[in-house]
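Below is one structure; the comments refer to it alone.
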There are 2 protein chains.
Amino acid sequence: MSTKAGILQQLRSEILTLELKPGSILSETVLSERFKISRTPLRDVLKQLAHEGYIDVYPKRGNLVSYIDLESVEQIIYLRSILEKDIIKNLAAQNVSLPLRGILELREILNKQAEAIRQDHAHEAFLFWDDAFHKALFALAGRVLLWDLIQQSNAHYARYRRLHLLKKEKLEEILDEHRLILECIVNRDAERIDDLVRHHLHEDINAAYLLENFAEYLNLPRLEARESDGASAAHGRKARGEAEADG
Amino acid sequence: MSTKAGILQQLRSEILTLELKPGSILSETVLSERFKISRTPLRDVLKQLAHEGYIDVYPKRGNLVSYIDLESVEQIIYLRSILEKDIIKNLAAQNVSLPLRGILELREILNKQAEAIRQDHAHEAFLFWDDAFHKALFALAGRVLLWDLIQQSNAHYARYRRLHLLKKEKLEEILDEHRLILECIVNRDAERIDDLVRHHLHEDINAAYLLENFAEYLNLPRLEARESDGASAAHGRKARGEAEADG
DNA sequence: AATTCAAATCTTGTATACAAGAACAAGTTC
DNA sequence: GAACTTGTTCTTGTATACAAGATTTGAATT
């Protein structure tokens with residue numbers, strides 16, 4: 001698809017799934033040839049990607065797919081924890097009855113998510129319905145705007161999750177926690193929400209695991225150049241200055 | 001200043017201070033003549049403004065300064081309440097001593113804010129130091145990233161506050177509340193934070209006041225056209241479709 | 001062989017011409 | 001007079017040529 005929205009979606013997807021690895025160069029001219037479109041609209045797409053943290057722009061030098069920034073991940077997890085604790089507690093504590101339609105919608109989403117587990121290599125589908133579940137909670141609380149705001153800074157967290165899911169099959173665990181959350185809402189049991197949400201979102205911010213297995217994807221504090229190091233993790237990395245901010 | 005950053009800052013400022021009123025047209029060609037720069041970099045600026053909610057883009061029709069959206073205002077107030085309650089409580093409850101430097105910095109900011117009150121027509125200065133106070137709290141808690149994220153959706157809230165400050169001289173009240181908050185932090189008094197922050201941020205979401213006095217700046221649900229209405233509030237308003245989203 | 005310096009070649013940034021949708025106005029038709 | 005048509009003139013969207021910084025290349029020099 002050669003429309004701007006299509007290209008944006010395509011590139012986002014490739015970056016999230018790590019087809020485009022952190023550090024990859026996204027040259028305007030190369031992309032314009034690939035998508036058969038001129039540089040002008042393509043620059044709009046790159047601007048948007050930069051804004052969402054998918055790429056870092058180095059003026060007059062080039063655009064690199066951003067390295068996963070664990071700091072950003074932690075900030076987003078914190079933000080979502082705080083927010084979702086409150087949102088879900090409100091849904092659970094509500095005196096007026098939660099619309100039945102909402103409950104049914106959530107159940108349907110969890111069914112789809114369970115279905116995704118049964119298929120192999122359906123991580124993307126699983127994550128899609130995972131997002132759908134959380135977004136539906138925001139929606140029921142009338143907070144879609146905040147969900148959308150968070151999504152604008154989701155590039156690092158989304159990739160972190162994908163790497164994390166590879167670790168062990170915690171898909172079942174995540175789904176179970178979703179079921180627990182829904183149960184609490186239905187049963188008006190606001191007490192357990194805090195711990196549930198905290199555990200659910202924080203997973204185990206297992207920096208160690210990522211560092212060991214995916215160091216080449218991470219945005220690490222500048223490591224001093226060790227000489228004669230043949231480790232593959234350090235390969236292909238270049239010194240990077242800081243990207244320009246947008247504000 | 002004819003640099004992109006300068007133009008962006010300039011337009012932002014003019015929109016926030018209502019020099020550019022909601023509904024005003026920002027034509028690319030007109031702006032390019034005004035700033036003596038070509039349309040290309042100017043479009044980048046407009047894109048950014050659109051992203052931050054300062055303008056609404058109607059494809060192939062034009063760019064309008066956005067009307068203040070009370071829904072957005074409420075969402076941001078909610079978000080900030082939730083966040084700042086937790087952030088400030090953590091600062092107040094901290095076992096490890098809060099860096100003295102932080103306390104001093106906050107005190108200094110409040111001094112500047114008090115100074116701004118003493119001068120007349122110093123609303124902008126007052127608001128500048130008001131933001132500085134809250135941002136400093138985020139910074140002390142290590143949450144600047146989240147502050148910046150919120151700022152990206154600040155166009156409506158910021159203008160709402162400006163209109164609100166005109167109502168009565170609540171400047172003193174705001175400053176007093178800041179002092180109370182700082183006191184709580186210094187005295188490790190986390191108990192009162194919740195109520196303090198809620199009251200401080202919610203002010204009184206006085207939609208009624210804004211509706212009566214500044215209806216022409218607000219993004220209202222489509223009102224049926226009343227005939228033969230000479231009220232100035234309805235003047236110059238045009239039917240507006242919805243602007244395109246960015247995602 | 002290592003260093004220096006300049007030119008070639010990358011990259012993005014800017015200006016501008018042209019394309020095309022949207023709104024408006026005037027004239028035509030009924 | 002009302003509805004339709006058409007042409008003009010707005011607007012932004014796109015393509016492309018050119019400008020200018022950053023990097024690399026490679027030859028000349030020491």
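Residue numbering restarts at 1 for every chain, and letters A, B, ... go by the order of the sequence lines.
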| said: Using a heavy-atom cut-off of 4.0 Å across all strands, would you classify L42(A) as base, sugar-phosphate, or nothing? | reply: nothing
| side-chain hydrogen bond (donor to acceptor under 3.5 Å, both in side chains) between S66(A) and R159(A), intermediate numbers included | CA-CA 11 Å; S66(A) 66; R159(A) 287 182 292 178; 2.8 Å; yes
| Qualifying salt bridge (charged side-chain N to carboxylate O under 4.0 Å, His left out) pairs, either residue in residues 14-26 of chain B, two or more places apart | E14(B)-R34(B)
| said: In this structure, how many angstroms lie between the P atom of dG13(C) and the OH atom of Y58(A), rounded? | reply: 14 Å
| Residue whose nearest DNA chain D nucleotide is more 5′ - G62(B) or D44(A) | G62(B)
| task | Let me know the distance between CG of D56(B) and C1' of dT11(D), rounded to the nearest Å. | result | 16 Å
| query | Taking only residues two or more places apart in sequence, or in another chain, which ones meet D86(A) in a side-chain contact (heavy atoms from CB on, under 4.5 Å)? | reply | N90(A), Y78(B), I82(B)
| remark: Residues passing the side-chain contact (heavy atoms from CB on, under 4.5 Å) test with L211(A), sequence neighbours excluded, are L218(A), L220(A)
| note | Across all chains, not counting sequence neighbours, the side-chain contact (heavy atoms from CB on, under 4.5 Å) partners of T40(A) are S38(A)
| note | In whole angstroms, the gap separating C1' of dT9(D) from CD1 of I25(B) amounts to 14 Å
Polar-atom pairs under 3.5 Å, protein N or O versus N or O of nucleotides 16-20 of chain C: list them with distances, or write none.
unit_1: dT16(C); atom_1: O4; unit_2: T40(B); atom_2: OG1; d: 3.2

| query | Of the nucleotides dT14(C), dT11(D), dA22(C), which has the atom closest to the S27(B) side chain? | reply | dT11(D)
Please tabulate, one pair per line, all N/O donor-acceptor pairs under 3.5 Å involving side-chain atoms of residues 131-147 of chain A, not counting sequence neighbours.
unit_1: H134(A); atom_1: ND1; unit_2: R80(A); atom_2: NH2; d: 3.4
unit_1: H134(A); atom_1: ND1; unit_2: E84(A); atom_2: OE1; d: 2.7
unit_1: H134(A); atom_1: NE2; unit_2: H178(A); atom_2: NE2; d: 3.1
unit_1: H134(A); atom_1: NE2; unit_2: H200(A); atom_2: NE2; d: 3.2
unit_1: R143(A); atom_1: NH1; unit_2: E74(B); atom_2: OE1; d: 2.9
unit_1: R143(A); atom_1: NH1; unit_2: Q75(B); atom_2: OE1; d: 3.0
unit_1: R143(A); atom_1: NH2; unit_2: E74(B); atom_2: OE2; d: 3.3

